[in-house]
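Sequential numbering from 1 along the given sequence is applied to the chain's residues.
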Amino acid sequence: MIPENRPLSMVAALATMESMTSEHITNTGSVMANHGSIQTPAQTQLRQDGSSNGGPSERKRDLRWRPAMLHPASLRVLLPWITSIIGIASALCLVIAWFPSTVWNTPIVSSDAPAHYYFIRRLLDEGLGAALHLWPHNSFYPPLFHVCAYFVIKIAALFGVQCSIYAAFNITWIIASGVMFPSGMLVLCRYFLQRWNRGNPISNLISRISQASPTSESSSVSESSNVSNQQVSSAVNRQYNATFVLQNLIGLFVPVLAVSSVCHPYGLLNAGPLIAFGFATSLLPFLIAATLRLFDAIAAREHIVKWLAITAAAGVVCLVAHPRIAFTYALILVPFIVLRLPWKLILGAFIAMCIGAVAFVALMLTSFKSDRWANPASWFHSHQPSKNLWESILFCFTDGLDGFPAILFALLLIAGTVAAFVCASRRAAVRSSDSLSAAVFHCGSRFSADADALVSDAAVSAPGVSPVSTSGLPAASCSDAADVSLFASSEPSRPRRNDRLRDVIALTAAFLLVTLVYVCTVTLVGALPNIISAPWYRDENRIMTMLPLVALLLLVIGVNALSECVSVCAASASFVPSASSFSAKNSASSVPSLSSASAVSSVRNVSLASNWIGPIAAFLVIAILAVSAQIVCPSRTAARDAIIAHSSLNQSDPNEQLTEQKITVLRKVMERTGTQATIISDPLNGSMYAETLFNANMLYPIINARTDVPSVPFGKVETAFASGDGQQVLGTVCPLTDAPEYFLTMGDQAQSLQSFPYRAQYDSFHNEELIDAYVDGGTLVKVADYSQYGQGWALYRFGCAD
């Protein structure tokens, strides 16, 4: 007889010997799919017996069973799509609800906004051919965002709708932030969840329990045992469907959490706005997911060309959106490259990164002239730390959330990461321990003959699956799921050894790297922090965008690991069959098996404990986090309020970029000059907005027209105007165009643009003494006086002979 303390370990060992992933179970027939049901071999035999005997009771039971099987099959197909659509739609609604309504008809008044509006205007004026030289001096700027806005205007025109530049700008931002980014994060999270959940321990354990009824060697299959097995199969089917439903419901909240943090997308709309970089960040999750799929294909040596092409295409799209996103991509992918690629490819990847770094340094040295290149400690000399060390670290662990959601996010991130490491490392330890083979052999030596027969039956019922060698099987434990890599299958989808551990280590390393860069940017000073954060211009707003890309992934994997730990341990605690539940022959090689009634009871207990406790707890925690993040969100509210303030025309400072008075003056100027004449003015006084507000031809349509580029008029005009020589001024300005040239004064430079490092180059344009001297000499002729709106405001015409 079997001692009292042995049944659980024996059944666990038996379950492990026959274990395979739910994916393989469905495909190979060990648990055969019929309209979404999961059938045991005993149930299959029952159907065959009923067909051959023509028993009406069996046929009635079959008819009652079949309609119930249609719904789970449809559910498994539709549920991922339904939850994805609802989740992304919710994220889109949140982004739209947050978006400031004041910027649909007026521009965002900030440092970079005029450039983006100007780029869209230039595409409208010159066509898509201008996409390769959007700057005023005809050099390249990443055009993808502006091309998308251009198409928004053109598509609206097809339906007779006139869409302004500002509306097209906003629509493009909303689509990128509310649709593309949450969709990409959902794709990325489901990729890791799919890898993690291969070989679900609960499904495999319960499906094995259902097959532990008396074998043909111990007793014949009776009517009562067949009925019991049908009940067991029904319990397994309900368990499988419930787990699938609950795990997919968590997908409802991944898109919502992706747009819950001020880190992205909201922060970049307020900072600048940094539109092109934010657009590339919204596309980056798709590139990362494609790259990881490529790594899988390389490991399996199948479909490499397919995923290489997809990755290359996604990479080109991201680079066209903004080339600097390559630094974010490389930083996040480095741990995965090290842990998942062969050493030759690792070496090649790092050589490519070194070449890219050298090219970047060369570009910076040739594009930006400075005498501080040899002294990294003097780089970004105007930068000031914004947080202390504790605040910057806490910001990373909370993903930029506030209040209670921030605390909950940090706790889940830390606890989930620990749970993921425990689950993954224990599986790896079980797989690699030689002592486990001896343990399995010790448990199975007394019933090896029947075990071999059971394995042979499984191989027969599962065509295409190679027989399992019992010598290398791991023992089942609370945290160890059956792994398909135990089988001699060559399918590319099978997990490699220690895949879970590799993913957890890589995600944790990526999170720590991003944290390091963020801390160096917002807290530390000196040469090393400058070098580390230089690829992102030591700009906190750009580096913040990386946090959701790694923190949210680590959170989802961690919560999934916590759910698995709770479920498996609850199942282990609930499944405690007594020794009387087993029947064994006198032979030392017989296989212990559960009675039918005991199997039904055990499956019900395991199903209730394992299938509901863990996933429901994970679902509720994620739901609470997602909902509370929308209720407690002062950071996002502050960003929205700042944008509303920037787009308001009611400014207390009359010299700000745009005010009611300046809008009135710019409109009057355009009524006099028309859209063909060239207007010169200090762009830092807000005159540059006339380019997109009234379709004016401003010589300086953005704040940084780059005077250090050869063969452009900007630097020449500034030098000539500052010289005080009227003839030099006319000789430089008059040949610009065949149309008249005007000069506009609207006060001093705006206080909000004082951080612009090259603002001194425009000082001559608001030098009243110099302007009066040109008027006295006839170089400038006043044609309109706007002093009622501001002191010294006027429109002049250059004294050209035209």
Side-chain angles (χ1 to χ4, degrees), residues 114 136-137 654-655 657 661-662 664-691 694-750 753 756 758-802:
H137 54 273
N655 289 323
Q657 295 182 63
Q661 292 79 9
K662 288 189 176 182
T664 301
V665 169
L666 291 176
R667 183 180 291 109
K668 290 180 175 293
V669 168
M670 288 308 304
E671 291 174 354
R672 177 176 288 272
T673 64
T675 59
Q676 299 301 316
T678 301
I679 303 174
I680 299 172
S681 185
D682 182 353
L684 273 68
N685 64 17
S687 59
M688 55 189 170
Y689 287 97
E691 181 85 28
F694 305 110
N695 199 22
N697 181 21
M698 306 300 299
L699 182 64
Y700 296 93
I702 62 177
I703 64 173
N704 184 17
R706 294 283 301 278
T707 60
D708 57 341
V709 180
S711 304
V712 292
F714 309 109
K716 296 179 180 179
V717 170
E718 292 167 14
T719 302
F721 201 91
S723 67
D725 185 348
Q727 293 300 319
Q728 183 180 349
V729 171
L730 295 179
T732 303
V733 172
C734 295
L736 290 177
T737 61
D738 294 334
E741 288 84 8
Y742 291 87
F743 180 75
L744 174 65
T745 59
M746 286 200 308
D748 295 331
Q749 296 175 344
L753 296 176
F756 178 58
Y758 308 113
R759 63 182 183 276
Q761 68 191 34
Y762 302 115
D763 283 346
S764 61
F765 290 155
H766 54 262
N767 187 329
E768 295 184 6
E769 294 182 0
L770 184 61
I771 294 171
D772 291 340
Y774 284 138
V775 171
D776 294 339
T779 303
L780 293 176
V781 179
K782 183 183 290 188
V783 295
D785 185 273
Y786 306 118
S787 57
Q788 70 269 30
Y789 301 103
Q791 182 179 358
W793 293 15
L795 177 67
Y796 304 87
R797 181 171 177 174
F798 285 95
C800 303
D802 52 9

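In this structure a side-chain-to-backbone donor-acceptor pair under 3.5 Å is present from T745 to A794. Side-chain atoms of S681 never come within 3.5 Å of backbone atoms of M746 as a donor-acceptor pair (strictly under, hydrogens ignored).
In this structure, the side chains of V729 and F798 come closer than 4.5 Å at one or more pairs of heavy atoms. A heavy-atom distance below 4.5 Å is found between the side chains of L666 and L744. The shortest distance between side-chain heavy atoms of M688 and Q657 falls below 4.5 Å. Inter-residue side-chain proximity for Y796 and I771 is flagged as met; some heavy-atom pair is nearer than 4.5 Å. Side-chain contact between V733 and F721: absent, with no pair of heavy atoms (C-beta onward) separated by less than 4.5 Å. Residues R797 and P740 have side chains in contact (heavy-atom distance under 4.5 Å, counting atoms from C-beta outward). Inter-residue side-chain proximity for R759 and L753 is flagged as unmet; no heavy-atom pair is nearer than 4.5 Å. Counting heavy atoms from C-beta on, the side chains of F743 and Y774 never come closer than 4.5 Å.
Counting only residues at least two apart or on different chains, the salt bridge (charged side-chain N to carboxylate O under 4.0 Å, His left out) pairs with a member in residues 769-785 are K782-D785.
In this structure, K662 and P654 approach most closely via the heavy-atom pair CE-O, 3.6 Å. Contact detail for H766 and D748: the closest heavy-atom pair is CD2-OD1, 4.2 Å. Nearest heavy-atom pair, C800 versus E741, reported as atom, atom and distance to 0.1 Å: SG-OE1, 3.9 Å. The nearest pair of heavy atoms linking P735 to T732 is CD-O, 3.5 Å. Minimum interatomic distance between P136 and F714 (heavy atoms only, all atoms of both residues): CB-CZ, 3.6 Å. Contact detail for A690 and M698: the closest heavy-atom pair is CB-SD, 4.0 Å.
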Extract all donor-acceptor atom pairs below 3.5 Å that involve side chains of residues 667-680 and protein atoms in other chains or at least two apart in sequence.
from : atom 1 : to   : atom 2 : distance (Å)
T673 : OG1    : V669 : O      : 3.1
T678 : OG1    : N697 : ND2    : 3.4
T678 : OG1    : T737 : OG1    : 3.3

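With sequence neighbours left out, Y789 forms a ring pair (Phe, Tyr, Trp, His ring centres under 6.0 Å) with no residue at all. Every residue two or more places apart in sequence or in another chain was checked for a side-chain hydrogen bond (donor to acceptor under 3.5 Å, both in side chains) with E691, and none qualifies. For Q749, the side-chain hydrogen bond (donor to acceptor under 3.5 Å, both in side chains) test picks out D682, with sequence neighbours left out. The side-chain hydrogen bond (donor to acceptor under 3.5 Å, both in side chains) check on Y762 picks up nothing, with sequence neighbours excluded.
Note: Y758 OH to N704 CG = 7.0 Å, rounded to the nearest 0.5 Å. With values rounded to the nearest 0.5 angstrom, N655 atom CG is found 12.0 Å from L684 atom CG. Q727 contributes atom CD, which lies 7.0 Å from atom OG1 of T779 (distance to the nearest 0.5 angstrom). One finds the CD atom of E718 at 4.0 Å from the OH atom of Y700 (value rounded to the nearest 0.5 Å).
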